[in-house]
Amino acid sequence: MTIPVFVLNGPNLNMLGTREPGIYGGQTLADIERDCVAAGRKLGIAVDFRQTNHEGVLVDWIQEAATKAAGIVINPGAYTHTSVALQDAIRAAKLPVIEVHLSNIFAREAFRHHSYVSPVAAGIICGLGPVGYRLALEALAEAQKPAGKAKR
Ligand code: CA2
């Protein structure tokens, strides 16, 4: 049985494709999920794709991943910039975590320039739109090979 990679999405990402296409593009989260599952199939990775608007639920899922997943791809949404709880959970999980943002958070408001997740992430991808999710899955697949580099 293949151990899955959890792809976790935070608040308001369920709204993708309905508003703000200039910032986040026109794809829905369901489109991104379909692309992730397809990319995972090619890479030999089972993808468990989830979204929640609740910080504590993200913490629960990160704790669950610690025993059930091979790694995590996470777009924490606005909790990126506020959540010590996510940083603590990711540090405790001791899994490779790739932080993904659709937009280039460094080209936006100053409050988006700081991430509580980045210091505990193996890698960060931002500004590439939905492609970032696929690249993150590729990085985790690479890390699973012997001598992979994205280990924590
Ligand atoms: O660029 C990203 O992926 C973000 O994580 C998206 C978050 C934002 O708070 C982060 O700074 C960067 C916001 C997601 C909200 O998505 C919406 C999509 C459509 C309509 C409204 C919100």
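Atoms within a ligand are numbered from 1 in the order they appear, just like the ligands themselves. The structure presented is a predicted model; accordingly, all values stated were derived computationally and were not measured.
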| Do you know which two heavy atoms are closest between Gln144 and Val5, and how far apart they sit? | NE2-CG2, 4.1 Å

| query | Which residues pass the side-chain contact (heavy atoms from CB on, under 4.5 Å) test with Glu64, sequence neighbours left out? | reply |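 If we apply the side-chain contact (heavy atoms from CB on, under 4.5 Å) test to Glu64, skipping adjacent residues, the hits are Phe6, Arg50, Trp61, Lys68.
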
| task | Please answer whether the main-chain N or O of Gly77 pairs with a side-chain N or O of Thr80 as donor and acceptor at a distance below 3.5 Å. | result |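 Checking the backbone N and O of Gly77 against the side chain of Thr80, a donor-acceptor pair under 3.5 Å is found.
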
| Exam field: side chain Asp88 to backbone Ala85, donor-acceptor pair closer than 3.5 Å |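 Checked: no pair found.
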
| Could you give all pairs that pass the salt bridge (Lys or Arg N to Asp or Glu O under 4.0 Å) test and reach residues 98-113, with sequence neighbours left out? |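 Output for this query lists Glu109-Arg112.
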
Within the protein, flag every N or O under 3.5 Å from an N or O of ligand 1, and note the pair and distance.
from, atom 1, to, atom 2, distance (Å)
ligand 1, 1 (O), Leu102, N, 3.3
ligand 1, 1 (O), Ser103, N, 2.9
ligand 1, 1 (O), Ser103, OG, 2.6
ligand 1, 3 (O), Asn75, ND2, 2.8
ligand 1, 3 (O), Leu102, N, 2.7
ligand 1, 5 (O), Asn75, OD1, 2.8
ligand 1, 5 (O), His101, ND1, 2.9
ligand 1, 9 (O), Ala78, N, 3.4
ligand 1, 9 (O), Arg112, NH1, 3.0
ligand 1, 11 (O), His81, NE2, 2.7
ligand 1, 11 (O), Arg112, NH1, 2.9

Tabulate below the donor-acceptor pairs under 3.5 Å that side-chain atoms of residues 123-135 make, not counting sequence neighbours, or state none.
from, atom 1, to, atom 2, distance (Å)
Tyr133, OH, Asn9, OD1, 2.6
Tyr133, OH, Asn75, ND2, 3.3
Arg134, NH1, Glu138, OE2, 3.2

